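Everything quoted here is computed from the prediction, not taken from an experiment. Naming convention: chains lettered A, B, ... in sequence-line order (proteins, then strands); numbering from 1 in each chain.
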Protein chains: 2
Amino acid sequence: MSHMGYRCLMAVDRDHVLRSAAALLTRKSTATMDEVAKAAGISRATLHRQFAGRDALVRALESLGIAECEAALDAARLDEGTASDAVRRLVGAIEPAAGLLAFLYTENQLFEGEEQNAGWALIDERISAVFRRGQLDGEFRIDLTPAWLTEALYGLLASGAWLVQSGKGAPKDFPHMIVELLLGGALRREET
Amino acid sequence: MSHMGYRCLMAVDRDHVLRSAAALLTRKSTATMDEVAKAAGISRATLHRQFAGRDALVRALESLGIAECEAALDAARLDEGTASDAVRRLVGAIEPAAGLLAFLYTENQLFEGEEQNAGWALIDERISAVFRRGQLDGEFRIDLTPAWLTEALYGLLASGAWLVQSGKGAPKDFPHMIVELLLGGALRREET
DNA sequence: CCCATGTGAGACATCAATGTCTCACTCTGG
DNA sequence: CCAGAGTGAGACATTGATGTCTCACATGGG
């Protein structure tokens, strides 16, 4: 019976499958279940045993993305120090998940009707909060809404991930590019 | 024979079909040919007579997007005045096409291997040029590459389009949100 | 050693979208 | 009025992905 916990044998490392799928779908969002299975080094049958179908897989990826976002939010300690530094820490912490985020970001565009995972609302709120704090502290300008800044952060993360993906940008510049543009914009600062 | 030009009769307004398709695919990028046809108010048969298949339709939309981008670039007169003003004019001019651009932007992510329309390279170059000019004029900072600023502009246009789409932002704020973030960033400016 | 569990490989039915075709209808121009 | 072009509706085959199933194999535990 082995009620001593599930993984009596290999259990094929569900986490590894998820990460492989994320890496593949980041590059080719229309990849087949067959391709996903091959990318993970398992057969389609086994993939199907773990995730009832493509929907289940995407939902699992969504949960993974949410978990990574929340981990990044925790690690960034958004309520400490200046809002700028908090945003810098956030982008640095969320960078490894940017590819997955980009996939989920575009994927969610066609979920319009259906209710989407409530986890995103919490994440949106936590990110919006740091921008709002920056505004209250007089650090950020007030003519750009926190909602827009949050959405823009998502967009820039996706753009950055794709730029790196296509080889037109270096991964090491990733956080700097995004943070500097998001916070400082393209204009030169006389001060500083 | 009517060799006096094509549209002897109705010709069903190919342009109208394209715009309907653009509007629909912007919201639901996986829409069926059937849905596209219904959205345009024509039958699937007629849609098929005009565009050999889904590929042909997407290519036509790509051409439309390129044409609108080029029109916007022309209208923005990027080589006149300050680079900042040029970018402002560009965003204002390109805004009506933002939804279509967002669709094509994500669509092109999965064309990775295949050669993509060379028109985009020209557009990339023209946009990059205005950022480069801003840098040479000492107006823009030089630690953000023109390639990244261009990519970021695309990303922000898509984010803005989706924000408006989801009702979380007002269409009238669209150009302001994007331009101000792209140029000035989130930080308050002591100067100005 | 042998059994049980989990796996890979592949056959198979299903389903949705696509592409093609036919046919009847409706216009417009002559 | 009539001929022809264009359209809508629908039937049909095709294709590709999906989901389900069976069976043989291997690997680890008792």
Side-chain angles (χ1 to χ4, degrees), chain A residues 1-22 24-62 103 106-107 109-114, chain B residues 1-22 24-62 103 106-107 109-114:
Chain A
M1 203 58 72
S2 83
H3 48 291
M4 42 173 284
Y6 277 73
R7 42 215 327 284
C8 315
L9 281 193
M10 323 199 49
V12 123
D13 201 355
R14 173 189 159 107
D15 190 68
H16 168 252
V17 175
L18 271 181
R19 307 221 169 253
S20 303
L24 174 60
L25 290 173
T26 292
R27 295 193 304 270
K28 183 173 163 56
S29 61
T30 60
T32 295
M33 291 292 276
D34 218 350
E35 299 175 284
V36 172
K38 279 187 178 58
I42 62 176
S43 72
R44 197 164 66 95
T46 302
L47 176 60
H48 237 281
R49 285 184 192 108
Q50 299 214 347
F51 303 98
R54 191 189 180 77
D55 285 353
L57 176 62
V58 172
R59 283 169 191 271
L61 282 173
E62 195 174 19
F103 164 68
T106 57
E107 195 77 1
Q109 297 305 355
L110 54 88
F111 279 0
E112 36 168 348
E114 326 169 26
Chain B
M1 200 56 72
S2 82
H3 48 290
M4 42 173 284
Y6 278 74
R7 42 218 325 288
C8 315
L9 280 192
M10 325 198 49
V12 121
D13 202 354
R14 172 188 160 108
D15 191 68
H16 167 251
V17 175
L18 272 181
R19 307 218 169 254
S20 303
L24 174 60
L25 290 173
T26 292
R27 296 194 304 271
K28 182 173 163 56
S29 60
T30 60
T32 294
M33 290 294 274
D34 218 351
E35 298 175 284
V36 172
K38 278 188 178 57
I42 62 177
S43 72
R44 197 163 66 94
T46 302
L47 176 61
H48 239 280
R49 285 184 192 108
Q50 300 215 348
F51 303 98
R54 192 190 180 77
D55 284 354
L57 176 63
V58 173
R59 282 170 191 272
L61 282 173
E62 195 174 18
F103 163 69
T106 57
E107 193 78 0
Q109 299 303 352
L110 55 88
F111 280 180
E112 36 169 348
E114 326 169 26

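Rounded to whole Å, atom C1' of C:dA9 lies 17 Å from atom CE of A:Met33. Taking atom NE2 of residue A:His48 and atom C1' of nucleotide C:dA9, one finds them 15 Å apart after rounding to whole Å. Residue B:Gln50 contributes atom CD, which lies 17 Å from atom P of D:dA5 at whole-angstrom precision. C:dT18 atom P lies 15 Å from atom CZ of B:Phe51, rounded to whole Å. In this structure, A:Arg54 places its CZ atom 13 Å from C1' of D:dG16, rounding to the nearest Å. In this structure, A:Leu57 places its CG atom 10 Å from P of D:dG19, rounding to the nearest Å. Between the C1' atom of D:dT7 and the CD1 atom of B:Ile42 lies a distance of 10 Å, rounded to the nearest Å. The distance between atom NZ of B:Lys38 and atom C1' of D:dA9, rounded to the nearest whole Å, is 10 Å.
Under 3.5 Å, the side chain of A:Arg44 and the base of D:dG19 form at least one donor-acceptor pair of N or O atoms.
Here A:Arg49 lies in heavy-atom contact (under 4.0 Å) with a base.
Taking only side-chain atoms of B:Thr46, from C-beta outward, the nucleotide of C:dT7, D:dG8, D:dC21 with the closest atom is D:dG8. Among C:dA9, D:dG19, C:dA17, the nucleotide with an atom closest to any side-chain atom of A:Ser43 is C:dA9. Here the nucleotide nearest the side chain of A:Ala45, chosen from D:dA17, D:dG8, C:dG10, is C:dG10.
Ionic pairing of A:Asp15 and A:Arg19 is present here: one or more N-O contacts between side-chain nitrogen and carboxylate oxygen are shorter than 4.0 angstrom. With respect to the salt-bridge test (charged N to carboxylate O, under 4.0 angstrom), the residues B:Asp34 and B:Lys38 qualify.
Qualifying side-chain contact (heavy atoms from CB on, under 4.5 Å) partners for B:Ala45, counting only residues two or more places apart in sequence or in other chains: B:Ser43, B:Arg49.
A heavy-atom distance below 4.5 Å is not found between the side chains of A:Leu25 and A:Glu107.
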